Amino acid sequence: MIERLNTQSLSKKLQYVVDYYQRQPQAFAMHSAEKLGELIDVSESTIIRFAQELGFKGFKDFQQAVQEEIFENEKSLSSFTYGKPTVEQSRNLVHDTMWRDQEHINLIRNQLPASIVASFVNQLEHANQIYVAGTRTSASLAHWFTFGLNLVTGKAQLYDQQHSDFISIVTDMKPNTVLVVFSFHRYAKSTLHLAQEAKKQGMHVLAVTDSEVAPISQYADVLIPIQLPVRSTLDAAPVTFSFLNGVLTDLSLKQGETFQERTQKFESVQLNDFFYK
């Protein structure tokens with residue numbers, strides 16, 4: 001899209017916009033012209049003029065084209081095989097894939113600011129009530145994290161978007177209620193609507209996604225971007241599980257005696273019909 005422009009003939013402010021677009025095209029898919037102006041330190045009219053320079057009537061038409069290019073046309077499932085060795089190139093694809101997962105975990109560990117991770121853990125530690133939501137590829141993340149949070153805190157509940165009643169949840173909502181939401185490409189609209197309504201009702205929204213400018217970002221109080229070189233939801237899963245495991249470890253240590261008491265009660269329950277040992 002940007003190749004339509006003769007950047008040399010543009011004003012300096014428009015060149016700033018071009019540079020930002022080349023580095024962060026997702027931002028133009030998500031933010032208003034006013035917000036982009038604030039981010040780039042130019043006026044809203046400069047953002048609109050940028051869209052018009054590209055041949056669009058206005059910013060909305062331009063934004064729709066960017067959204068289609070980034071969020072609709074990009075296939076995260078197709079990206080799963082990108083960059084991976086073929087059967088001919090690798091003697092042990094499973095082993096090589098595990099090494100790749102480890103590299104991705106190290107990448108995200110270095111990318112995530114410690115202050116953001118601490119804020120994520122802090123919100124969960126002090127929450128009176130925690131709901132966890134995720135659908136499609138995010139469902140397994142939501143189920144596993146709910147189970148882990150309940151072991152550690154006893155305050156988590158899985159939000160099933162087919163069976164849970166949001167109105168009842170809002171009616172019975174305690175102060176300092178937290179919604180943890182998982183939203184990965186292709187970004188299910190039901191999850192976005194849930195986060196939007198939760199935000200309106202005063203819940204703290206913690207979002208785990210695959211980009212700093214993913215659709216869920218506009219509703220998140222704390223955003224954890226698991227941003228890999230290639231957008232692949234399947235590749236993001238092991239990295240996300242590793243992050244969540246770290247969060248649960250941190251929480252369990254901070255819970256101290258409370259967690260130890262919960263562990264002892266959990267292990268003391270004898271259900272011979274359910275467990276082998």
Side-chain angles (χ1 to χ4, degrees), residues 30 108 112-135 138-184 187-226 240-266:
M30 292 309 308
I108 299 303
L112 288 178
S115 58
I116 298 298
V117 175
S119 180
F120 190 94
V121 174
N122 186 63
Q123 291 269 12
L124 294 172
E125 182 186 3
H126 295 99
N128 292 319
Q129 200 169 30
I130 304 169
Y131 292 97
V132 185
T135 188
S138 299
S140 59
L141 297 167
H143 276 263
W144 187 86
F145 195 49
T146 304
F147 178 80
L149 279 175
N150 262 329
L151 287 179
V152 176
T153 69
K155 301 175 184 177
Q157 180 177 331
L158 180 68
Y159 181 85
D160 185 333
Q161 297 186 35
Q162 290 185 332
H163 302 104
S164 298
D165 183 4
F166 185 75
I167 295 177
S168 297
I169 288 174
V170 171
T171 303
D172 300 330
M173 186 175 71
K174 298 177 182 178
N176 202 20
T177 295
V178 168
L179 171 68
V180 181
V181 60
F182 296 93
S183 177
F184 287 80
Y187 314 113
K189 289 184 178 179
S190 58
T191 302
L192 299 176
H193 293 158
L194 172 65
Q196 183 180 25
E197 290 304 315
K199 184 81 170 176
K200 287 180 183 177
Q201 298 301 326
M203 292 188 190
H204 301 286
V205 178
L206 312 184
V208 183
T209 185
D210 54 17
S211 170
E212 290 181 336
V213 291
I216 196 68
S217 63
Q218 59 192 310
Y219 309 119
D221 294 294
V222 181
L223 186 76
I224 301 294
I226 308 296
T240 308
F241 276 119
S242 180
F243 166 75
L244 297 176
N245 189 44
V247 170
L248 293 176
T249 301
D250 196 346
L251 279 172
S252 65
L253 292 174
K254 288 178 176 175
Q255 293 287 322
E257 292 183 3
T258 302
F259 174 63
Q260 294 300 326
E261 290 173 3
R262 287 190 58 79
T263 302
Q264 290 172 5
K265 287 181 180 178
F266 182 83

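Predicted model only: the values in this text are computed from it and were never measured. Below, each value reflects all heavy atoms present in this structure, side chains not excepted, and no hydrogens, waters or symmetry copies.
- For S190, the side-chain contact (heavy atoms from CB on, under 4.5 Å) partners at least two apart in sequence or on another chain are T135, Q161, A188.
- Looking at every heavy atom in both residues, Q255 comes nearest to T153 through NE2-CG2, 4.3 Å.
- Closest approach of F184 and V208 over heavy atoms only: CE1-O, 3.6 Å.
- Taking a 6.0 Å sphere around CG of L253, one finds it holds more than 12 heavy atoms contributed by other residues, nucleotides or ligands.
- With a 4.5 Å cut-off on side-chain heavy atoms, T146 and Y159 do not count as touching.
- I224 contributes atom CD1, which lies 4.0 Å from atom CZ of F243 (distance to the nearest 0.5 angstrom).
- Note that the CD atom of E257 and the CD atom of Q264 stand 10.0 Å from one another [nearest 0.5 Å].
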Item to check | Worked check of side chain to side chain contact (heavy atoms under 4.5 Å, CB included) between I130 and Q157 | outcome: CA-CA 6 Å; I130 304 169; Q157 180 177 331; over 6 Å; no

Next on the checklist: For a side chain to side chain contact (heavy atoms under 4.5 Å, CB included) check, start with the C-alpha distance between L179 and H204, then their side-chain angles and the critical distance, and finish with the verdict.
Outcome noted: CA-CA 6 Å; L179 171 68; H204 301 286; over 6 Å; no

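- Across all their heavy atoms, T191 and I216 have their closest contact at O-CD1, 4.4 Å.
- In this structure, N245 CG and T249 OG1 are separated by 4.5 Å, a value rounded to the nearest 0.5 Å.
- Remark: Q260 CD to S252 OG distance equals 8.5 Å, nearest 0.5 Å.
- Within the 4.5 Å cutoff, side-chain heavy atoms of H143 are placed close to those of L158.
- For the salt bridge (Lys or Arg N to Asp or Glu O under 4.0 Å) condition, the pairs that include at least one residue of residues 205-222, sequence neighbours left out, are K199-D221, D210-R231.
- Remark: the backbone N or O of K174 is paired with a side-chain donor or acceptor of T177 at under 3.5 angstrom.
- Taking all atoms of both residues into account, the shortest heavy-atom contact from N150 to K155 is OD1-N, 3.6 Å.
- In this structure, L223 and A220 approach most closely via the heavy-atom pair CD1-CB, 4.1 Å.
- Atom OG1 of T240 sits about 11.5 Å away from atom CZ of F145, to the nearest 0.5 Å.
- Side-chain atoms of T209 come within 3.5 Å of backbone atoms of S183 as a donor-acceptor pair (strictly under, hydrogens ignored).
- Looking at heavy atoms from C-beta onward, Y219 lies out of side-chain contact with V181 at the 4.5 angstrom threshold.
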Can you give each donor-acceptor pair under 3.5 Å made by side-chain atoms of residues 118-127, sequence neighbours left out, with the distance rounded to 0.1 Å?
| from | atom 1 | to | atom 2 | distance (Å) |
| --- | --- | --- | --- | --- |
| N122 | OD1 | H126 | ND1 | 3.0 |
| H126 | ND1 | N122 | O | 3.0 |

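- For the 3.5 Å distance criterion, the side chains of Y131 and Q129 qualify, holding a donor opposite an acceptor.
- Every residue two or more places apart in sequence or in another chain that forms a side-chain contact (heavy atoms from CB on, under 4.5 Å) with E197 is listed here: F166, K200.
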Item to check | Residue pair I169, D165: steps toward the side chain to side chain contact (heavy atoms under 4.5 Å, CB included) verdict | outcome: CA-CA 6 Å; I169 288 174; D165 183 4; 6.0 Å; no

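- Distance check: L244 CG to F182 CZ gives 4.5 Å after rounding to the nearest 0.5 Å.
- Residue pairs meeting the salt bridge (Lys or Arg N to Asp or Glu O under 4.0 Å) criterion with at least one partner in residues 240-255, sequence neighbours excluded, are D250-K254.
- For D160, the side chain to side chain donor-acceptor pair (under 3.5 Å) partners are H163, not counting sequence neighbours.
- Closest approach of V205 to A195, counting heavy atoms only: CG2-O, 4.0 Å.
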